[in-house]
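Everything on this sheet refers to the single structure shown next.
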Protein chains: 2
Amino acid sequence: MAKKNVTLKDISRATGVHVSTVSRALTPNERSSLSDEVVKRIRETAKEMGYRPNRLASSLRTRKTMTVGVMIPDITNSVFPPIVRGMESALEPAGYASIQVNTDSDADREARLYDVLRERGVDGIINAAVHRTDPAVERIAEDIPVVTVNRKVEGSTIPAVISDDAGGVTSLVDYLSERGHKHIGHIAGPDTISTGVVRRTAFEEAMRRRGISNPAELISTATYFVEEEGARCADDLLDRNGGITALLCANDRLAIGALGALSRRGLACPEDISITGFNNVPFLDLIPPGLTTVQILQFDVGRTAAEILLKMMGAPDTGVPATTILPVSIDERGSVAPRHAQDRRRKRPLRVARRAG
Amino acid sequence: MAKKNVTLKDISRATGVHVSTVSRALTPNERSSLSDEVVKRIRETAKEMGYRPNRLASSLRTRKTMTVGVMIPDITNSVFPPIVRGMESALEPAGYASIQVNTDSDADREARLYDVLRERGVDGIINAAVHRTDPAVERIAEDIPVVTVNRKVEGSTIPAVISDDAGGVTSLVDYLSERGHKHIGHIAGPDTISTGVVRRTAFEEAMRRRGISNPAELISTATYFVEEEGARCADDLLDRNGGITALLCANDRLAIGALGALSRRGLACPEDISITGFNNVPFLDLIPPGLTTVQILQFDVGRTAAEILLKMMGAPDTGVPATTILPVSIDERGSVAPRHAQDRRRKRPLRVARRAG
DNA sequence: CCAGCTTACGCAATCGATTGCACACACCTA
DNA sequence: TAGGTGTGTGCAATCGATTGCGTAAGCTGG
């Protein structure tokens, strides 16, 4: 069925030169030591015969597969596809293909997938699924170049490309404060993931600067970045602390969950409670009341990570930045209202009931 | 840096047997002809030494890479990630990894990507990005197994796994008709893609059965499955035909675009115009008024395609179904209202203005 | 006119695993 | 005991491209 692929040997036979000469003629660098006439003749017949190099054979010999592994927690989480496209935009022009795998944040799966990638001889790995402490990836990183993206391994030397999580949270706290919010609750991300912790820490610091001595009371921590956890934490916070007028959520999915919890409680956003998200995933603008969120440069994060990996794979000793932080910006929408507007609308019985409960 | 990988030769040296014996001892099938004692000894030392077979070498010899190519138009289009996960769920347990590429529906890019996949020696291709007529994929399919997913190439023998597009559209027309809608407009998908044409054809037939002699007047065709085109076509239809009370859109993105166009015209959905989508992409339920849409089994479509490809790769002569059609169902939400409800609310001046404009 | 240096290319090993064939040895039968 | 039948391993070619080294031809200079 498969039409037999032409090999160097075939071209060698057709042109009458040795196979090694053919190889050199077809390699841009080596071409120099050959006569122009021979090179031309070889390249022409190669084209005529429709020669396509067999990368496997090449890889076996050179120990470079021109393939990178891309590890994602779950591609159905819409924050990741643009990141993947960003990587692709840098990898493909450089001649690299990528093997993509989804870890589902499952340690067993991760271990297996590392094996899969290693067996296939990937030249490097871009990992968007690392944990805050992650011995597995540190071990791999001793053998092959690794870059983490969107997250980082704490205290590790693995280069990371992330967004300005702390800056984003700080800006949000400022933004809410300027609108009169003092009791701001935080639905924190998992404490096993750097983004969760970095954003929470930034929240705590920002709140302390604003005179809140014990911000921990205003925090509820999600075990996963999923809507259900956002709802659970929102309920938790509102049960524990009736004075809260705003919820700063560690990402959009948690915020969407919080929105659901609010409406189930008969509360409106932003009239009763203001809410903010993080990431600005696609379609978010269409979900009422329009989540005010932090816009991260998903595509650029992916692209930058790929560029750094390319540099590492090209020259292993070249210095690359340990951490690259990309800027963020606040995308204002309808989910935040000034504090007094909220107070005016808020019905007193509701507050009493909350305190009693 | 990279700790040297153990090879068969290393194990051969350690155990004192020939490398070929080691190879056989480690291959489940071949093991039979060896003495149990030798097999046991070899497998044990192999484990001790941490042997990992070099797939490249193996692939070079066996001409099987245990890798498949996955072609997607654009992974940021949220209909595709679940499909990809479905494929993965079948491929990974079977020992296959996948190289994913995005075509952006660009012919040049596609051609290049086919080359990329072929050079890398993929054992098969799952293509979710084919066109209705697609000579490129037909050519490839002569050489290696190909399955198309979500779309199909018209009149081709390439196995396809799709959803019941026609059935879904027919059900929607019924659904709208039952609610009193007679003048149903259709925003059709691109006529270069099977889904676009199949859905449009189903619409035309369903309308004819309902006594509409020339349904073409009720159709506006999008050039791409994007929101802007949905908006443009919605405007087009409403301008051309003031009597329309419902818009059946070929997919969710077109429907979302149509929603936007409506509100820009000062029309409400569903009060003025009912709208339906197709695919039921994530988050769609959160976008008001909640798009009534066709639920397709994205994950299963992907999984089934992968299973068929596995069968083709395993036994090239085995018969596989030419077309596998997976069932769909209607997901009712708020974007469809009964016709008379619309009539009652609709303001007469608006209709006049439309006719005049 | 020949040593010595380039230039241009051929030779053969190599990457690591697979596999058809050969072969040695044990056992069995006539 | 010779011949036959297995069994369990070893040998070596092979997949296709890469690359260090060798070498013949051509050229330069003293």
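Just so it is clear: chains get the letters A, B, ... in the order the sequence lines come, proteins before strands, and each one is counted from 1.
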Please write out each protein N/O paired with an N/O of nucleotides 12-14 of chain D under 3.5 Å, distance rounded to 0.1 Å.
| unit_1 | atom_1 | unit_2 | atom_2 | d |
| --- | --- | --- | --- | --- |
| dT14(D) | O2 | Arg61(B) | NH1 | 2.9 |

Under 3.5 Å, which N/O atoms of the protein pair with N/O atoms of nucleotides 22-27 of chain D?
none

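Residues satisfying the salt bridge (charged side-chain N to carboxylate O under 4.0 Å, His left out) criterion with Asp74(A), sequence neighbours excluded, are Arg85(B). In this view, Lys40(A) and Glu44(A) satisfy the side-chain contact (heavy atoms from CB on, under 4.5 Å) rule, not counting sequence neighbours. Scanning for side-chain hydrogen bond (donor to acceptor under 3.5 Å, both in side chains) contacts around Ser156(B) gives Glu138(B), with sequence neighbours left out. Applying the side-chain contact (heavy atoms from CB on, under 4.5 Å) criterion to Arg41(A), with sequence neighbours excluded, gives Thr15(A), Val17(A), Glu37(A), Val38(A). Not a single side-chain hydrogen bond (donor to acceptor under 3.5 Å, both in side chains) links Thr45(A) to another residue, sequence neighbours left out. The side-chain hydrogen bond (donor to acceptor under 3.5 Å, both in side chains) search around Arg63(B) returns none, not counting sequence neighbours. Remark: Arg151(B) engages no residue in a side-chain hydrogen bond (donor to acceptor under 3.5 Å, both in side chains) (not counting sequence neighbours).
Place Val38(B) and Thr62(B) on DNA chain D by their nearest nucleotides, and Val38(B) ends up nearer the 5' end.
Side-chain contact check for Lys152(B) and Thr323(B): at least one donor-acceptor pair (N or O, by modelled atom type) lies under 3.5 Å.
Checking dG10(D), dA8(C), dT18(C) against every side-chain atom of Val17(B), the shortest atom distance belongs to dG10(D). When distances run from any side-chain atom of Thr21(B) to the nucleotides dG10(C), dT9(D), dT18(C), the shortest one goes to dT9(D). Distance from the side chain of Arg24(A) is smallest to dG20(D) among dT9(D), dG20(D), dT18(D).
Checked for salt-bridge contact, Arg303(A) and Glu88(A) miss the test: no charged N lies under 4.0 Å from a carboxylate O. Classification of Arg109(A) and Glu92(B) as a salt-bridged pair holds, one side-chain N sitting under 4.0 Å from a carboxylate O. Ion pairing between Arg13(B) and Asp10(B) holds under the 4.0 Å rule for side-chain N and carboxylate O.
Rotation axes derived from the C1' atoms of the five outermost pairs at either end of the helix from dC1(C)-dG30(D) to dA30(C)-dT1(D) lie 60° apart, to the nearest 10°.
Between the P atom of dT18(C) and the CG atom of Leu8(B) lies a distance of 6 Å, rounded to the nearest Å. The CE atom of Met66(A) sits 15 Å away from the C1' atom of dT18(D) (whole-angstrom rounding). Atom pair Lys9(A):NZ and dA12(C):C1' shows a separation of 13 Å (rounding to whole Å applied). Atom CD1 in Ile11(B) sits about 15 Å away from atom C1' in dT18(C), given to the nearest Å. Spacing between atom CZ of Arg63(A) and atom P of dT19(D) amounts to 12 Å, rounded to whole angstrom units. Nucleotide dA17(C) holds its P atom 12 Å from the CZ atom of Arg13(B), rounded to whole Å. Atom pair Leu60(A):CG and dT19(D):P shows a separation of 12 Å (rounding to whole Å applied). We find that CG of Leu34(B) is positioned 13 Å from P of dT7(D), with the value rounded to whole Å.
Here the shortest heavy-atom pairing between Val146(A) and Met312(A) reads O-CE, 3.7 Å.
For DNA chain D, the residues of residues 46-57 of chain A within the heavy-atom distance limit of 4.0 Å (strictly under) are Tyr51(A), Pro53(A), Asn54(A), Ala57(A), sorted by number.
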Mind running side-chain contact (heavy atoms from CB on, under 4.5 Å) on Thr133(B) and Val153(B) for me, showing each step along the way? CA-CA 6 Å; Thr133(B) 66; Val153(B) 179; 5.7 Å; no
Extract all donor-acceptor atom pairs below 3.5 Å that involve side chains of residues 122-132 of chain B and protein atoms in other chains or at least two apart in sequence.
| unit_1 | atom_1 | unit_2 | atom_2 | d |
| --- | --- | --- | --- | --- |
| Asp123(B) | OD1 | Thr65(B) | N | 3.0 |
| Asp123(B) | OD1 | Thr65(B) | OG1 | 3.2 |
| Asp123(B) | OD2 | Thr65(B) | N | 3.1 |
| Asp123(B) | OD2 | Met66(B) | N | 2.6 |
| Asn127(B) | OD1 | Ala129(B) | N | 2.6 |
| Asn127(B) | OD1 | Val130(B) | N | 3.4 |
| Asn127(B) | ND2 | Tyr114(B) | OH | 2.8 |
| His131(B) | NE2 | Glu110(B) | OE1 | 3.3 |
| His131(B) | NE2 | Glu110(B) | OE2 | 2.9 |
| Arg132(B) | NE | Asp191(B) | O | 2.9 |
| Arg132(B) | NH1 | Glu154(B) | OE1 | 3.0 |
| Arg132(B) | NH1 | Glu154(B) | OE2 | 3.1 |
| Arg132(B) | NH2 | Asp191(B) | O | 3.1 |

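At least one side-chain nitrogen or oxygen of Ser23(B) sits closer than 4.0 Å to the OP1 or OP2 atom of dT18(C).
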